[in-house]
K.L.:
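I'd like to ask you about the structure that follows.
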Amino acid sequence: MDPGKQSLDQKGRMSRSSVRPLTALMVLAAMLAACGSKGGDPARQYGSNPDLPEPSEYLLPPMHVPKEIGWSPGETPTASAGLRVEALASGLQHPRMVYTLPDGDVLVVESNSPGTEAFRPKDLIAGKVKARAGAAGKAGNRITLLRGANGDGTAAMRTTFIDHLHSPFGVVLVGDTLYVADTDAILAFNYVPGATQITAPGVKLADLPAGPIDHHWTKSMTVNADGSKLYVGVGSNSNITENGMAVEDGRAAIYEVDRSTGAKRIFASGTRNPTGVAFEPHTHQLFAIVNERDEIGPDLVPDYLTSIREGGFYGWPYSYWGNHVDVRVHPQKPDRVAQAIKPDYGLSSHVAPLGLVFSQGQHLSAAFADGAFIGEHGSWDRSPLNGYQVIFVPFENGRPVGKPIPVVTGFLGADDETVHGRPVGLALDATGALLIADDAGNVVWRVSAAPANNASTSAVQD
Amino acid sequence: MIHSPTNRTSAALGPAPLHRGLIASAAILLIAALGTDYTYYVTSLWQWANFSAWLIVGGLVVLLVAAVFLVLDFVIGRAHRLDGFSFVLLGIAALLSVINAFVHSRDAWTSVVPQGLLLSAVSALLLLVLGGRGWTLASSRSTKKGV
C-alpha cells in the first residue's frame, strides 16, 4: 500500500479537508520566496544609463555579510598596477574620515553611529548580522592627528587632536577655523597651524537634523571655493519611510550653511543618504555620492555619483533613478516623482559609497589625473557581495564618463566570506597620495605611485 | 472513563490542559495583528505596522511555549488524544503567521499591504474557528480509536 495514501486514510476526513489550504500555502510560500535571486554583473549598472531590473520584494531579509577578520601584520589591500599601498596608522578606533591640513598633518575622524533603538523585531536581528562585518566597532568619537612619516610609511607622531565628539564625520578647515560635523551640529574650533591638540570646546555654528532615531547619522561636509558656505549631507531616517514621514522632515537632503551667520537652508533634496560632498576642482560644481534604497532586489537601486543642482530633487523616497516609483511609500506623490532628477552616474547597487575626493592632477598616475576617487564600504544585503574597494571615476569636461577603474581592492578575503577591512572616507595628502580610512581594519592606508623599478609588483608589500 | 463525543472540553474530566490558555493568548496577539494591520491600511501611520510586527512575533513566541506545554499535558495526563482538525487548523495558522512575520519585516507600505493584511486575515479566521473549538488541541475523548 502506498504509505502516503495509508496515512491519509488513517487521519480520515479532517486531514483530507486540510489538503487544499496546505497546497495554497505552499503556492504562497513559493511565490514569496521566488524573489531571493542573485545579483548580476555590477558593470551593467555603471555610468549614466544603468540597467534597472524590475523591483522584487523579499520574504527573508536579504542579508549577506562577510565576517570581519582584520589585517595580519604586514598584510595590506591590493593596489592597482603602478601604485603601492602602506599603512599610515593602525590600531585606530573605527576611523571613518581622513582630512589633510595645509601643513601636511592628517586628521583621522574615529566615529560610529550614536546608537539606535530597535523599533521592530527585524532591527534586533539586522543589528547583530551587520556587527559581523565590524559595523558595531567601538569608536573613538575623536579626531586623531598624524604627522610625519617613519621609514616604513607609518606616521612618526600621533596625538588625540579633538576628543569627546558626538559621532563626527565631516571635517573642513577654512582659514583658521576647523569645522567638525558631529551628527547633531557643526562645531567650529580655532585652529593654530602646527597645533597637535585642541582643548578649547567647539562653538556651535548650526544644528543638524539628528535624533530621534538618527538612522543615517553621518554628516558629510565640504566648503565652496570662496569659503563662504558649507555644504552638508544629511541622510534619511529610514530605508524607505518605514519609520514614518514625520521623522523625515529636513532629512535626505544637502544643506547649505552660511559660514558667517550659521543660517542653513536645504540646497537639494531627495538624496537618500549623501555620504560624500565635494566640489569638482575645474568647474566648481558640487557633486555628491548617494547611498540608495535597499530590499527591492540585489540590483536595485544603484548607488550614484551626481552633480547637485540648487533646489534639485533626486527622488527619495517616492522614486529612484528619475521616475521609477517605489511602491513601498504610501501615500505616493506623482507630482514629486515627475520632478525627480536622474542622477549622473551609477556606481552599481549596494556598494555603499562613503568616501569622495576629487583627483588633483597626476600624482598617482596619468590615468588618475582627472576624476573622483570613491570609497565603497561594501554591501550587506546583496549576494554576491559588491563594493569593498576604492574606485576611480574618470571625468571629462567636469562630467563623469566611462567605466570606473579599481584603485585599491583586496579588502575581502578570497572566499568572499571574510573581510579584512572596509574603505570609508578618502583624502589626498600633501603629496597627492590617496588616504583611505578603513573602519573595520582600524587602519589608515596611504596609496602612492610605486617606485618606477617595481611598478608592476605593487600588490603585496612586505 | 466517560465517553462524550459532543463535549469538546475536558473540564468535566479533571484539571484543564495547560496549553489551552497559552494557545488562547497567542491567538489573541495574532488576531490583534489583523486589527493593527487594518488600521495601518486605513491610516498609513507607520506605528500600526510596527505593532503588527511585534504582535505577530509575540504570538509566535507564545505559541512555541504552548507547544511545549501541549507535550507536557500529554506527559502528565492532562490531555489524552490529539484533536487532528484543531491541530491542522493551528498548524496552518502558525505557518501562515511565520510567513507573515517575514512579510512584516519588509519596509513601509508593502510590509502590510496587501500580503501581510491577507495573511493576518486568514490566520485570524483559522484561529477564531479554533476558539470556537475551545482553544484546545486535545480532544476530551480518551479512548483510542483508529490509531
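Reminder, nothing fancy here: chain letters follow the sequence lines and each chain counts from 1.
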K.L.:
For a quick test of reading the model, state the closest non-hydrogen atom pair linking B:A108 to A:T241 and the distance between them.
P.N.:
CB-OG1, 3.8 Å

K.L.:
Name every donor-acceptor pair, under 3.5 Å, that has one atom in a side chain of residues 66-74 of chain B and the other anywhere in the protein, sequence neighbours excluded.
P.N.:
{"from": "B:D73", "atom 1": "OD1", "to": "B:L18", "atom 2": "N", "distance (Å)": "2.7"}
{"from": "B:D73", "atom 1": "OD2", "to": "B:L18", "atom 2": "N", "distance (Å)": "2.8"}
{"from": "B:D73", "atom 1": "OD2", "to": "B:H19", "atom 2": "N", "distance (Å)": "2.8"}
{"from": "B:D73", "atom 1": "OD2", "to": "B:H19", "atom 2": "ND1", "distance (Å)": "2.6"}

K.L.:
Determine yes or no for a side-chain-to-main-chain donor-acceptor pair under 3.5 angstrom, with A:R120 supplying the side chain and B:R106 the backbone.
P.N.:
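Such a contact is found between A:R120 side chain and B:R106 backbone.
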
K.L.:
Atom CD1 in A:I240, atom OG in B:S111: separation rounded to 0.5 Å?
P.N.:
12.0 Å

K.L.:
I'd like to know whether CZ of A:F313 has more than 12 heavy-atom contacts from other residues, nucleotides or ligands below 6.0 angstrom.
P.N.:
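Above 12, so yes.
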
K.L.:
Walk me through whether B:W46 and A:N243 qualify under side chain to side chain contact (heavy atoms under 4.5 Å, CB included).
P.N.:
CA-CA 6 Å; B:W46 68 292; A:N243 298 327; 4.0 Å; yes

K.L.:
State whether A:R293 and B:D107 are salt-bridged, where the test is any N-O pair (Lys NZ or Arg NE/NH1/NH2 against Asp/Glu carboxylate O) under 4.0 Å.
P.N.:
no

K.L.:
Please work out which of the three classes, parallel, tilted or perpendicular, describes the rings of A:H330 and B:W109, given edges at 30° and 60°.
P.N.:
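Plane angle under 30°, so parallel.
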
K.L.:
Can you give each donor-acceptor pair under 3.5 Å made by side-chain atoms of residues 55-64 of chain B, sequence neighbours left out, with the distance rounded to 0.1 Å?
P.N.:
none

K.L.:
Would you say CH2 of B:W54 has more than 12 non-hydrogen atoms from neighbouring residues, nucleotides or ligands within 6.0 angstrom?
P.N.:
yes

K.L.:
How many angstroms lie between atom CD1 of A:I125 and atom OG of B:S105, to the nearest 0.5 angstrom?
P.N.:
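Between atom CD1 of A:I125 and atom OG of B:S105 there are 8.0 Å.
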
K.L.:
First locate atom CZ of B:F102, then atom CG of A:L59, and finally report the distance between them rounded to the nearest 0.5 Å.
P.N.:
6.5 Å

K.L.:
Find out whether B:V113 and A:R328 are in side-chain contact, i.e. whether some heavy atom of one side chain is under 4.5 Å from a heavy atom of the other.
P.N.:
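Answer no - side chains too far apart.
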
K.L.:
Looking at A:K130, I'd like to know if its NZ atom is crowded, meaning that more than 12 non-hydrogen atoms belonging to other residues, nucleotides or ligands lie closer than 6.0 Å.
P.N.:
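Count over threshold, so yes.
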
